[in-house]
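Read the structure below first, then the notes.
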Amino acid sequence: MVLSTKSLSISDDDDSDDDDDDDSDKDDSSGEEEDSYESSKDNKKRKAREDAHVAFANAMSIYAETTKKKLAILEKMSTSHFTMSSSTNAKGEVVGQQRSVQDKESLMTCLRALQGLEGIDGASFTKALKLLKEDPSWRDVFLTLSDERKKDLVLNLHHML
């Protein structure tokens with residue numbers, strides 16, 4: 001009979017010591033297999049962690065690209081040249097210039113409303129902006145809708161067009 005002088009305390013160091021005393025009579029190959037298993041397990045965890053980091057980095061890159069595209073569109077819209085050419089009607093009155101200013105104002109109003117919507121992805125934002133720029137009749141419809149309906153419209157444009 002062998003008596004142990006170790007105290008019964010719980011710590012990380014003591015756990016492995018108790019198991020080693022009991023297994024000392026067994027073959028050392030099981031220890032190597034266990035180390036190999038633990039190493040393999042650690043490698044799998046490390047690989048999963050690395051894969052998660054890569055996926056997150058890719059998602060952030062895509063988000064950054066989308067944001068850059070949105071900003072480029074906004075800059076282009078703010079600096080684009082609306083035709084300020086004017087023409088005269090049969091009475092000799094200037095027409096066309098007033099319409100261009102109104103188009104620009106309504107488009108900018110739509111753009112501000114579109115920017116205020118949350119949860120709009122880049123592709124949907126771009127489609128909506130293109131539609132509002134190209135077809136002034138959609139601007140009135142868009143501005144009349146509630147924010148929730150505006151969001152529905154923007155997110156479902158790919159079904160409509």
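- Remark: Arg112 CZ to Leu107 CG distance equals 9.5 Å, nearest 0.5 Å.
- In this structure, CG in Asp147 is found 10.0 Å from CD in Glu118, a value given to the nearest 0.5 Å.
- Test Lys41, Lys47, Arg46, Lys45 against Asn43 for side-chain contact (heavy atoms from CB on, under 4.5 Å) and you get one pass: Arg46.
- If you check the side chains of Asp121 and Ser124, you find a donor sitting under 3.5 Å from an acceptor.
- Counting only distance, with no hydrogens or angles, the side chain of Lys151 and the backbone of Gly119 share no donor-acceptor pair below 3.5 Å.
- When every heavy atom of Cys110 is checked against every heavy atom of Arg139, the shortest pair comes out as SG-CB, 3.5 Å.
- Of all non-hydrogen atoms in Leu129 and Leu111, the two that sit nearest each other are CD1-CD1, 3.6 Å.
- Atom-to-atom distance recorded for Trp138:CH2 and Leu153:CG is 5.5 Å, nearest 0.5 angstrom.
- Asn156 places a side-chain N or O within 3.5 Å of a backbone atom of Asp152 that can act as its donor or acceptor partner.
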Just distance, no hydrogens or angles: give the donor-acceptor pairs under 3.5 Å from side chains in residues 53-63, sequence neighbours left out.
{"unit_1": "Asn58", "atom_1": "ND2", "unit_2": "Val54", "atom_2": "O", "d": "3.4"}
{"unit_1": "Ser61", "atom_1": "OG", "unit_2": "Ala57", "atom_2": "O", "d": "3.1"}

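- Scanning all heavy atoms of the two residues, the minimum distance from Phe142 to Leu132 falls at CB-CD2, 3.8 Å.
- Remark: Thr126 engages no residue in a side chain to side chain donor-acceptor pair (under 3.5 Å) (not counting sequence neighbours).
- The heavy-atom pair separating Phe125 from Ile120 by the smallest distance is N-CG2, 3.7 Å.
- Once rounded to the nearest 0.5 Å, the distance linking NZ of Lys127 with CG of Leu155 reads 10.5 Å.
- Pairing each heavy atom of Ala113 with each of Lys150, the nearest pair is CB-NZ, 4.0 Å.
- Partners of Arg49 under the side chain to side chain donor-acceptor pair (under 3.5 Å) rule, at least two apart in sequence or in another chain, do not exist in this structure.
- The shortest heavy-atom contact between Asp140 and Thr144 is O-OG1, 2.6 Å.
- Asp42 CG to Lys44 NZ: the interatomic distance, rounded to the nearest 0.5 Å, is 11.5 Å.
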